[in-house]
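Take a look at the structure set out below.
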Amino acid sequence: MAQLGTLEELPQDYREAMARAGIGPLWPQMRNALPHNAPATVTRSHLWRFGDVRPLLLRAGELTPVEKAERRVLFLADPGRGAGAMQATSTLYIGLQLLLPGETAPAHKHTPSAARIVVEGEGAYTVVDGEKLPMEEGDLILTPGGCWHDHGHGGKAPVIWLDALDLPLFVYLEGSYAVEAPLQTPRNRPDASQVEYLAAGLAPPRRRDRPAPSAFPMMRFPWARTEAALRRLAEHNGGEPVELDYVNPETGQSCLPTMGFTAMMLRPGEQRRPAQRSSSAVFHVVRGRGATTINGVRHMWGPKDNFSAPPFADIDHAVEGTEPAFLVRIHDAPLQERLGYYEERAR
Ligand code: 1HN
């Protein structure tokens, strides 16, 4: 491969003339923009233990009233990008949000999409475009871009949930903004996932007098059903990896446009060595313990912990103990598939 010329080789007066003209030579930077065979990744794998984050989040509850925060959130900052980085990977923003009993977080809608995974506590709810969605531990709840959402909490103890947004992508696109409003009045209709889409393969019939299905027909994926489906799959899939994608039940596509959510069960004693994927990911542990080595860094994880993986990472999972482990892999494969370049490489 040819060695390309450097900036230093060029005459000083020429470099200054280019800078004055607002232009630059490509060749000294070409290999940075297009490294050979695989991207140069910035993201550094990191483990955020829930035991470390939880006390800081509860302290935020004492220091900052929800009215002063709107969303009382501590975000996971990718160490590859530094302490203030509002991103866990190139495209994924992950935060942990605290709502105390009786508190509400006002309505807004924004261009990025969000999903929540409930981590601790009960009695909270999210209202999405007028639909009041109860929040139970492990549930995945969508707030797609452009949908109004506010939160409330009628329970007795603090509630903590994980927020996943494609915010870094929208910031990069110079397309991130929000519109604000007071709390919504719920329509008083149960959430569709509990009524209209209760079983896989069954959907409300098309009728002339009904509107076409919404772009996001399933807004809540209760954890109890996800875990039951994973356990059932584990009994019948001949030792293959036990994984289920969260999809739109009308189209079979990913449940949000850019972010993917994959529920994983790791059997006791199971070791898993997935292919290198071009997508980046954050793993959220719903239950269980284990160790995952990512690009040579070993993370010992337990319930409610989160850890990240850059694109094309070497990932090795192992479960600890006699119980299965359940994780949700939050990733950007749907975005990459839509851009036509998602890739997996055998190891
Ligand atoms: C947001 O709208 C929420 O609605 C949480 O709960 C975290 C982080 C960045 C931008 C918008 C929420 C957010 C957010």
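What you see below is based on every heavy atom in this structure, not just the backbone, and it leaves out hydrogens, waters and symmetry mates. All residue numbers refer to positions in the sequence shown, counting from 1. Atoms within a ligand are numbered from 1 in the order they appear, just like the ligands themselves.
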_Counting only heavy atoms and a distance below 4.0 Å, can you name the residues contacting ligand 1?_
Arg71, Tyr93, Gln97, His108, His110, Arg116, His149, His151, Asp163, Leu165, Leu167
*Is the side chain of Asn248 donor-acceptor paired with the backbone N or O of Ser254 at a distance under 3.5 Å, no angle test?*
no
*Measure from the side-chain N and O atoms of Ser193 to the backbone N and O of Phe221, and report whether any donor-acceptor pair falls under 3.5 Å.*
no
Listing, residues 18-42 side-chain donor-acceptor contacts under 3.5 Å, not counting sequence neighbours, or none:
unit_1 : atom_1 : unit_2 : atom_2 : d
Arg31  : NE     : His36  : NE2    : 3.4
Arg31  : NH2    : Ala2   : O      : 2.9

Which atom pairs, one a donor and one an acceptor, fall under 3.5 Å between side chains of residues 149-167 and the rest of the protein, sequence neighbours left out?
unit_1 : atom_1 : unit_2 : atom_2 : d
His149 : ND1    : His108 : O      : 3.1
His149 : ND1    : Cys147 : O      : 3.0
His149 : NE2    : His108 : NE2    : 3.1
His149 : NE2    : His110 : NE2    : 3.2
Asp150 : OD2    : Gln184 : N      : 2.9
Asp150 : OD2    : Gln184 : NE2    : 2.9
His151 : ND1    : Thr126 : OG1    : 3.0
His153 : ND1    : Gly155 : N      : 3.0
His153 : NE2    : Ala157 : O      : 2.6
Trp161 : NE1    : Asp163 : OD1    : 2.9
Asp163 : OD1    : Arg116 : NH1    : 2.3
Asp163 : OD2    : Gln97  : NE2    : 2.8
Asp166 : OD1    : Ser113 : N      : 2.8
Asp166 : OD2    : Thr258 : OG1    : 2.8

*asked:* So Asn295 and Pro310, do their side chains get closer than 4.5 Å, heavy atoms only?
replied: yes
Donor-acceptor list for residues 77-85 side chains, cut-off 3.5 Å, not counting sequence neighbours:
unit_1 : atom_1 : unit_2 : atom_2 : d
Asp78  : OD1    : Arg44  : N      : 3.0
Asp78  : OD1    : Gly80  : N      : 2.9
Asp78  : OD2    : Arg81  : NH1    : 2.7
Arg81  : NH1    : Thr43  : OG1    : 3.0

